[in-house]
Amino acid sequence: MYAWIIPKDMSKPYLSPIFARAVHSGDWPENEKGWHEFCIALDYSKSNLIEVDTYSRAGVMHVVTIDSNTSDWTPKNAYFGSMDFLKKYNPEKICEEISSQDLEECIKIDKKYGYQEIRKIKAQKDIDDLMSSALSFHDAHIESIEVKNDEIHVVFNPYWNRKIELWFEEKPKYENRLEDPEYYWCDGGSIFMNQGYIYLCDEINAHSLDEGYWGMYFAGKELFYRILPSDNN
């Protein structure tokens with residue numbers, strides 16, 4: 001996993017791998033566990049591990065995931081797991097107990113990651129990354145739609161501390177059925193591939209335009225996107 005880390009004081013965001021995640025100790029109701037989730041990442045200096053609450057008490061997100069890959073993790077459930085070489089540690093104690101050797105390995109992992117600001121959808125894994133980064137477009141609101149040449153550029157208003165831009169290219173198309181899109185916020189959305197196109201529509205868990213009651217869709221034979229942090233929630 002790789003993410004933007006937004007410090008508690010909302011100072012300059014920075015990028016770091018996520019080495020572990022868990023829920024703070026406590027008898028939390030099942031539907032509230034996510035609000036007590038924390039992640040283990042490198043600090044701004046990239047010299048130590050720190051514990052970062054995914055959400056603050058005010059609902060501000062401090063971890064904006066851009067790569068959801070956990071293939072090198074040992075997950076125990078939806079809210080508890082770590083990279084394999086760190087599974088011997090309790091996530092709540094890892095920052096104090098990590099060995100110098102394991103810390104050095106964390107720093108090496110960060111240095112090896114090839115970050116790309118603008119990413120291209122090539123396979124299902126890329127769709128999964130975008131959906132994870134966008135929180136499935138929950139509470140998303142479109143700021144602008146620009147159509148030019150062979151491209152549709154869609155910009156979303158900042159939400160959940162993230163800014164999202166999409167570029168639909170190669171014979172792009174879209175349709176708007178909404179009566180008043182200016183005041184429309186999505187409950188969620190879906191991205192799927194169909195007949196050579198990549199679609200985004202404002203219907204949850206859709207796999208084609210024949211499913212659900214979508215109000216707007218965008219499509220192109222190629223889709224590029226960018227996820228950046230924002231201090232506007």
Side-chain angles (χ1 to χ4, degrees), residues 1-46 48-84 86-87 89-98 106 109-110 113 115 119 125 128-141 156-164 185-189 204 225-233:
M1 295 184 73
Y2 203 68
W4 284 103
I5 305 300
I6 302 167
K8 289 182 179 180
D9 62 2
M10 305 302 286
S11 57
K12 187 175 181 179
Y14 64 94
L15 291 159
S16 171
I18 300 300
F19 300 100
R21 64 182 175 191
V23 172
H24 289 294
S25 298
D27 186 20
W28 315 116
E30 187 64 31
N31 64 344
E32 293 184 10
K33 282 187 176 181
W35 292 100
H36 300 277
E37 181 186 290
F38 67 91
C39 294
I40 302 299
L42 286 169
D43 63 6
Y44 185 80
S45 70
K46 302 298 182 78
N48 293 289
L49 293 185
I50 58 170
E51 181 182 295
V52 184
D53 286 337
T54 303
Y55 300 89
S56 72
R57 290 183 181 275
V60 177
M61 292 200 71
H62 292 278
V63 179
V64 176
T65 305
I66 57 174
D67 187 333
S68 59
N69 181 25
T70 55
S71 61
D72 57 350
W73 278 44
T74 301
K76 295 180 175 60
N77 57 50
Y79 295 111
F80 192 92
S82 70
M83 290 188 177
D84 290 345
L86 299 173
K87 63 184 179 182
Y89 298 101
N90 179 334
E92 287 195 291
K93 299 179 180 179
I94 191 172
C95 296
E96 295 78 26
E97 296 181 353
I98 191 167
C106 292
I109 289 171
D110 175 63
Y113 189 88
Y115 170 65
R119 309 180 74 177
K125 193 267 183 188
D128 294 342
D129 280 347
L130 175 51
M131 290 296 286
S132 175
S133 297
L135 296 180
S136 299
F137 294 91
H138 176 59
D139 285 345
H141 177 64
F156 288 86
N157 280 339
Y159 69 100
W160 296 104
N161 238 5
R162 65 207 64 214
K163 295 186 291 186
I164 300 175
W185 273 259
C186 299
D187 287 332
I204 299 171
Y225 70 93
R226 172 165 58 190
I227 307 290
L228 295 174
S230 168
D231 59 4
N232 182 347
N233 286 276

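Bear in mind that the values here come from a model prediction, so they are computed numbers and not experimental data.
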Separation of K12 NZ from I6 CD1 (nearest 0.5 Å): 13.5 Å
Set of residues satisfying side chain to side chain contact (heavy atoms under 4.5 Å, CB included) with respect to D84, sequence neighbours excluded: T74
S45: side chain to side chain contact (heavy atoms under 4.5 Å, CB included) partners, not counting sequence neighbours: D43, S47
Partner set under ring-ring contact (aromatic ring centres under 6.0 Å, His included) for Y225, not counting sequence neighbours: none
Within-4.5 Å side-chain heavy-atom neighbours: I18 and I5: yes
Set of residues satisfying side chain to side chain contact (heavy atoms under 4.5 Å, CB included) with respect to T54, sequence neighbours excluded: E37, C39, M61, V63
Partner set under side-chain hydrogen bond (donor to acceptor under 3.5 Å, both in side chains) for K87, not counting sequence neighbours: none
Interatomic distance, I66 atom CD1 to L228 atom CG [nearest 0.5 angstrom]: 9.0 Å
Minimum-distance pair of heavy atoms, taken over all atoms of A41 and S16: CB-OG, 3.5 Å
Non-hydrogen atoms of K163 and P158 that approach each other most closely: CG-CG, 3.8 Å
With Y89 via ring-ring contact (aromatic ring centres under 6.0 Å, His included) - residues at least two apart: none
Residues which pass side-chain hydrogen bond (donor to acceptor under 3.5 Å, both in side chains) with E96, listed by chain and number, not counting sequence neighbours: none
Test ring-ring contact (aromatic ring centres under 6.0 Å, His included) applied to H36 - qualifying residues, sequence neighbours left out: W28
Check: R21 and W73 side chains under 4.5 Å, non-hydrogen atoms: yes
Side chain W4, main chain I227, donor-acceptor under 3.5 Å: yes
From N69 atom CG to Y2 atom OH, the distance as rounded to the nearest 0.5 Å: 14.0 Å
Main-chain N/O of S133 paired with T65 side-chain donor or acceptor, under 3.5 Å: no
CH2 on W160 to CG on L135, rounded to 0.5 Å: 7.5 Å
Over all atoms of both residues, closest heavy-atom pair of H62 and D53: CB-O, 3.4 Å
Test side-chain hydrogen bond (donor to acceptor under 3.5 Å, both in side chains) applied to Y113 - qualifying residues, sequence neighbours left out: D67
Residue list, side-chain hydrogen bond (donor to acceptor under 3.5 Å, both in side chains) with D110, at least two apart or on another chain: K46
Reported CG-to-CZ distance for the pair N157 and R162, which is rounded to 0.5 angstrom: 14.5 Å
Residues in ring-ring contact (aromatic ring centres under 6.0 Å, His included) contact with F137, at least two apart in sequence or another chain: F156
Ring center gap for H24 and F38 short of 6.0 angstrom: yes
Heavy atoms from other residues, nucleotides or ligands near OH of Y14 exceed 12 (cutoff 6.0 Å): yes
Nearest-0.5 Å distance that lies between atom CD in E92 and atom CD in E51: 6.5 Å
Any residue meeting side chain to side chain contact (heavy atoms under 4.5 Å, CB included) with C106, in chain and number order, not counting sequence neighbours: F19, L49, F85, L86, I98
Residue pair C95, I40: steps toward the side chain to side chain contact (heavy atoms under 4.5 Å, CB included) verdict: CA-CA 8 Å; C95 296; I40 302 299; 4.0 Å; yes
Expected output: side-chain H138 to main-chain G188 donor-acceptor under 3.5 Å: no
